[in-house]
Trainee: 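The structure's right below; bear with me while I get my questions together.
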Amino acid sequence: MTGAHPLRSKRRRSALRTAAFLSPWLIGFTVFFVYPLLSTLYFSFTRYDGFRQPEFNGSDNWSYVFTAYPLFWPAMRNTLWLVLVMVTCRVAFGLGIGLLITKIKTATGVFRTLFYLPYLAPPVAATLAFVFLLNPGTGPVNTLLEAVGLPTPGWFTDADWSKPALTALALWGVGDLMVIFMAALLDVPKEQYEAAELDGAGAWARFRHITLPNISPIIMFAVVTGVIQAMQYYAQPLVAGKVAAGVIGGSGQQFEPGYPDKSTLTLPQLVYNLGFQRFDYGTACVVALVLFALSMAFTALLMRRRGGLIGAGE
């Protein structure tokens, strides 16, 4: 029994020392994550406009968002579409470009630079350029399509084509994923490829059984970060909708996001519109919590199903 007290004191000192080293992170985590999250949860059950004291109204905000708010479900469908389609296309396209450049023997640096440069363009400027390039009346893309006898979509002015146009914009700026995948592909041991070739494995078999298993952590990283970015997709669809609708001015112009026909509306746009334009902070907090829950659910699902991303290579 005499040795128990010194042991407890030693453990206590060790715990305090560990807490002291962790304190900067703990303080930052509490101030910038826990407190805002709890505040958002609290305000979601209140009627609050940012000026008067919040008034508790139970689950009225939640009921309104899920049953009566006409923009919530279109924004939810658009956000999920972007997560499933745009993220998948970006990862596949980035991996394909990375594979292509690693196979090129000459001018590799030139091609790498050409594919990476679009990623450096500011999002608003890139979106403006794409809207004008894809203008159904005067844009060069439709002019070229018409010249070769192909259909000319409405792109950002057509509800059926606005999300594919946003996906094309995302693919144009895929340079970040290209660089990440190139680094991962160059780290794959060449001895494995040589052994597979000696065994008579073709290009697809080498990619399936060697490349994919080796770069699986990078694929997981690209997918998870892509999902988080898609959940925060705000500037590009908003700018595209505004320019396509002809609303390019500043103050004094009212604009409901989602043009055309709510097809570019996303959940982050609802949060901003409700909270900072309509001053309905309670309802905005509900949408923000839904967005947070979706992000956590997608991330948890992907981490649990990590093997499914490379199941074909196992």
Side-chain angles (χ1 to χ4, degrees), residues 65 69-94 118-119 121-148 150-177 226-250 253-274 277-278 287 290-291 294-295 298:
V65 166
Y69 187 40
L71 300 181
F72 175 74
W73 290 111
M76 173 72 80
R77 288 192 294 269
N78 293 336
T79 302
L80 293 178
W81 192 98
L82 292 171
V83 168
L84 296 175
V85 178
M86 188 174 72
V87 173
T88 302
C89 291
R90 271 181 53 85
V91 172
F93 192 64
Y119 172 72
V124 173
T127 306
L128 288 172
F130 250 70
V131 172
F132 285 112
L133 287 173
L134 299 178
N135 187 290
T138 60
V141 173
N142 274 13
T143 302
L144 181 61
L145 292 176
E146 186 177 8
V148 297
L150 294 176
T152 55
W155 301 113
F156 290 109
T157 61
D158 186 342
D160 294 330
W161 283 93
S162 58
K163 287 189 288 293
L166 288 172
T167 303
L169 171 61
L171 294 181
W172 180 71
V174 79
D176 56 333
L177 292 184
V227 168
I228 295 173
Q229 289 173 357
M231 286 290 182
Q232 299 174 345
Y233 207 51
Y234 174 80
Q236 291 90 330
L238 182 66
V239 172
K242 276 192 171 186
V243 177
V247 182
I248 58 175
Q253 288 184 304
Q254 296 296 324
F255 176 75
E256 285 293 331
Y259 181 87
D261 195 23
K262 304 181 183 67
S263 62
T264 59
L265 186 66
T266 60
L267 290 177
Q269 291 181 37
L270 287 191
V271 174
Y272 182 84
N273 181 259
L274 288 168
Q277 292 182 313
R278 300 183 179 276
V287 179
V290 171
L291 190 60
L294 283 175
S295 301
F298 270 110

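Nothing fancy with the numbering, it's 1 onward along the sequence.
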Trainee: In Å and rounded to the nearest 0.5 Å, what is the CG to CG distance from Leu134 to Asp158?
Mentor: 12.0 Å
Trainee: More than 12 non-hydrogen atoms from neighbouring residues, nucleotides or ligands closer than 6.0 Å to OH on Tyr69, yes or no?
Mentor: yes
Trainee: Side chain to side chain donor-acceptor pair (under 3.5 Å), that's the test. Do Gln277 and Asn273 meet it? Break it down for me.
Mentor: CA-CA 5 Å; Gln277 292 182 313; Asn273 181 259; 2.6 Å; yes
Trainee: Residues two or more places apart in sequence or in another chain: which of them pass salt bridge (Lys or Arg N to Asp or Glu O under 4.0 Å) with Arg77?
Mentor: none
Trainee: Quick one: pull up NZ in Lys163 and OG1 in Thr264 and give me the separation to the nearest 0.5 Å.
Mentor: 8.5 Å
Trainee: Looking at Tyr233 and Leu166, what are the two nearest heavy atoms and their distance?
Mentor: OH-O, 4.0 Å
Trainee: CD of Gln232 to CG of Leu291: how many Å apart, nearest 0.5 Å?
Mentor: 7.5 Å
Trainee: Apply side chain to side chain contact (heavy atoms under 4.5 Å, CB included) to Leu80 and Phe298, showing your working.
Mentor: CA-CA 10 Å; Leu80 293 178; Phe298 270 110; 3.7 Å; yes
Trainee: Is the side chain of Thr167 donor-acceptor paired with the backbone N or O of Met86 at a distance under 3.5 Å, no angle test?
Mentor: no
Trainee: What's the verdict on side chain to side chain contact (heavy atoms under 4.5 Å, CB included) for Lys242 and Thr127, showing C-alpha distance, side-chain angles and the deciding distance?
Mentor: CA-CA 11 Å; Lys242 276 192 171 186; Thr127 306; over 6 Å; no
Trainee: Less than 4.5 Å apart, side chain to side chain, heavy atoms only: is that true for Val65 and Leu270?
Mentor: no
Trainee: If we check side-chain contact (heavy atoms from CB on, under 4.5 Å) with Asn135, which of these qualifies: Thr138, Val131, Leu133?
Mentor: Thr138
Trainee: Checking Phe130 against Gln236 for the side chain to side chain contact (heavy atoms under 4.5 Å, CB included) test, could you report, in this order, the C-alpha distance in whole Å, the side-chain angles of both residues, the deciding distance, and whether it holds?
Mentor: CA-CA 10 Å; Phe130 250 70; Gln236 291 90 330; over 6 Å; no
Trainee: Can you name the closest pair of heavy atoms from Phe132 and Pro140 and give their distance?
Mentor: O-CD, 4.1 Å
Trainee: Checking Asp261 now: which residues fulfil salt bridge (Lys or Arg N to Asp or Glu O under 4.0 Å) with it, not counting sequence neighbours?
Mentor: none
Trainee: Would Gln269 and Leu71 count as a side chain to side chain contact (heavy atoms under 4.5 Å, CB included) if you check the C-alpha gap in whole Å, the side-chain angles of each, and the deciding distance to 0.1 Å?
Mentor: CA-CA 10 Å; Gln269 291 181 37; Leu71 300 181; over 6 Å; no
Trainee: State, yes or no, whether a side-chain contact exists between Leu238 and Pro257 at a heavy-atom distance under 4.5 Å.
Mentor: yes
Trainee: Working to the nearest 0.5 angstrom, can you tell me the gap between Asn142 CG and Glu146 CD?
Mentor: 8.0 Å
Trainee: Give me the atom names and distance for the closest heavy-atom approach of Val87 to Ala230.
Mentor: CG2-CB, 3.9 Å
Trainee: About how many Å separate CG of Leu82 and CD of Gln229, when rounded to the nearest 0.5 Å?
Mentor: 12.5 Å
Trainee: Which heavy atom of Ser263 sits nearest a heavy atom of Ser162, and at what distance?
Mentor: OG-OG, 2.7 Å
Trainee: Would you give the length of the straight line joining atom OG1 of Thr79 to atom CE of Met231, rounded to the nearest 0.5 angstrom?
Mentor: 7.0 Å
Trainee: Can you name the closest pair of heavy atoms from Leu177 and Gly94 and give their distance?
Mentor: CB-CA, 4.4 Å
Trainee: Quick one: closest heavy-atom pair of Pro74 and Lys262, and the distance?
Mentor: CG-CD, 3.9 Å
